[in-house]
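Input: a single structure, listed below in structure tokens.
Keep in mind it's a predicted model, so treat the numbers as computed, not measured.
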Amino acid sequence: GAELDGKYGFPKLSAVNADLTGVKAVPFNLAQREINPRNSVCHFFIDDHRFERLWNNPEKYFGILENFRYVCSPDFSFYDGMPLALKVWQVYRSRALGWWLHVNGFDVIPSVGWGSADSYDYCFDGLPEGGTVAVSTTGCHSAGGQACFEAGYREMVRRLRPDLVVVVGTALDCLPLDLAPVVYLDSYGQQIRQRVGDVGEGARLHGE
């Protein structure tokens, strides 16, 4: 029943205008432990092996995901060194699961990922114009990574014209803030580092 988009026939996701006031980002692998999911958005900007099980049996996890305010569409990784068929398959899986979550009643924020310029031929297909989209800055902090991120980000905004971009991860100087409103949410790695820092600070103060 999905509307298929682009030359590879990706299921097309619907736009959502997300209210992210007071929310935090929770990775899928920690979703079951989250004590306040109604004020959280569940995302998949983590290693693929941590959510491959969702592809194999999505309905099994509906009871966990339905508690979240929003769920980002899964973000299966693809890299420039992969064969084209595998890269297209990864994007297809991301769109298919995002669509399946949507038709089962979830408020899905479309996740966007890209590689070098040749990935633009397919990596934005199946994504809606307008609304809220999610991206990640994880792994984009080298000079080459930042250049790739900025180029793809500009192309994403040109094609999709989002009303709001959710950035999961640390801020990048290369991110052009004049193109669309941006909301930053801490990634899993940032949250871990903050917890470690809080523990260390508490231990130091306790010893004073």
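A ring pair (Phe, Tyr, Trp, His ring centres under 6.0 Å) with F76 holds for exactly one of W89, F51, F44; it is F51.
The line from CG of N29 to CG of D47 is 9.0 Å long, rounded to the nearest 0.5 Å. To the nearest 0.5 Å, atoms OG1 (T170) and OH (Y184) are separated by 8.5 Å.
Judged purely by atom type and a 3.5 angstrom limit, R69 has no side-chain atom pairing as donor or acceptor with the backbone of S40. In terms of modelled atom types and a separation under 3.5 Å, the side chain of S111 and the main chain of S73 share a donor-acceptor contact. Checking side-chain atoms of N57 against main-chain N and O of R53 turns up no donor-acceptor pair under 3.5 Å. Side-chain N or O atoms of S119 include none that pairs as donor or acceptor with a backbone N or O of W114 at under 3.5 Å. Side-chain N or O atoms of Y122 include none that pairs as donor or acceptor with a backbone N or O of L84 at under 3.5 Å. Panel note: side chain D80, backbone S116; a donor-acceptor pair is recorded below 3.5 Å.
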(message) L127 vs V112, test: side chain to side chain contact (heavy atoms under 4.5 Å, CB included). Steps then yes/no.
(response) CA-CA 8 Å; L127 297 171; V112 190; 3.8 Å; yes
(request) Given side chain to side chain contact (heavy atoms under 4.5 Å, CB included), test V166 with T132 step by step and report yes or no. (result) CA-CA 7 Å; V166 182; T132 305; 3.6 Å; yes
(request) Could you go through the side chain to side chain contact (heavy atoms under 4.5 Å, CB included) check for L175 and Y153 one step at a time? (result) CA-CA 8 Å; L175 194 153; Y153 187 91; 3.8 Å; yes
(message) Pair L185, V167 - check side chain to side chain contact (heavy atoms under 4.5 Å, CB included), show working.
(response) CA-CA 6 Å; L185 298 178; V167 179; over 6 Å; no
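D173 CG: 12 or fewer foreign heavy atoms inside a 6.0 Å radius. Heavy-atom contacts from other residues, nucleotides or ligands closer than 6.0 Å to CZ of F149 number more than 12. Crowding of R38 atom CZ: a count of heavy atoms from other residues, nucleotides or ligands under 6.0 Å exceeding 12. Other residues, nucleotides and ligands contribute more than 12 heavy atoms inside 6.0 Å of the CD atom of E66.
In this structure, Y120 and M156 have side chains that are not in contact, with every pair of non-hydrogen atoms separated by 4.5 Å or more. For the pair V23/T21, no side-chain contact is recorded, criterion being any heavy-atom separation below 4.5 Å from C-beta on. Side-chain atoms of V26 and V41, non-hydrogen and from C-beta on, never get closer than 4.5 Å to each other. With a 4.5 Å cut-off on side-chain heavy atoms, P110 and V16 count as touching. Two residues are said to be in side-chain contact when any heavy atoms from C-beta on lie closer than 4.5 Å; L54 and L65 meet this criterion. You'll find the side chain of V71 stays beyond 4.5 Å of the side chain of I109, heavy atoms only. Proximity of P181 to V165: side-chain heavy atoms (C-beta onward) are nowhere separated by under 4.5 Å. Within the 4.5 Å cutoff, side-chain heavy atoms of L101 are placed close to those of F62.
Taking both residues in full, the closest heavy atoms of C123 and R95 are given as O-NH2, 2.6 Å, listed atom of the first, atom of the second, then distance. A pairwise comparison of heavy atoms in A18 and L164 identifies O-CD2, 4.2 Å as the closest pair. Between K12 and P128 the shortest heavy-atom distance is CE-CA, 4.4 Å. Nearest heavy atom pair, residue I46 against residue P27, reads CG2-CB, 3.7 Å. Scanning both residues, P58 and L97, for their nearest heavy atoms gives CB-CD2, 3.9 Å.
We find that K7 and D121 are joined by a salt bridge, their nearest charged nitrogen and carboxylate oxygen being less than 4.0 Å apart.
S77 and D48 are linked by a side-chain donor-acceptor pair at a separation below 3.5 angstrom, with hydrogens and angles left out of the test.
Annotation: salt bridge (Lys or Arg N to Asp or Glu O under 4.0 Å) contacts involving residues 153-166, sequence neighbours excluded, comprise E129-R161, E150-R154, E155-R158, E155-R159.
Aromatic pair Y61/F28: centroids less than 6.0 angstrom apart.
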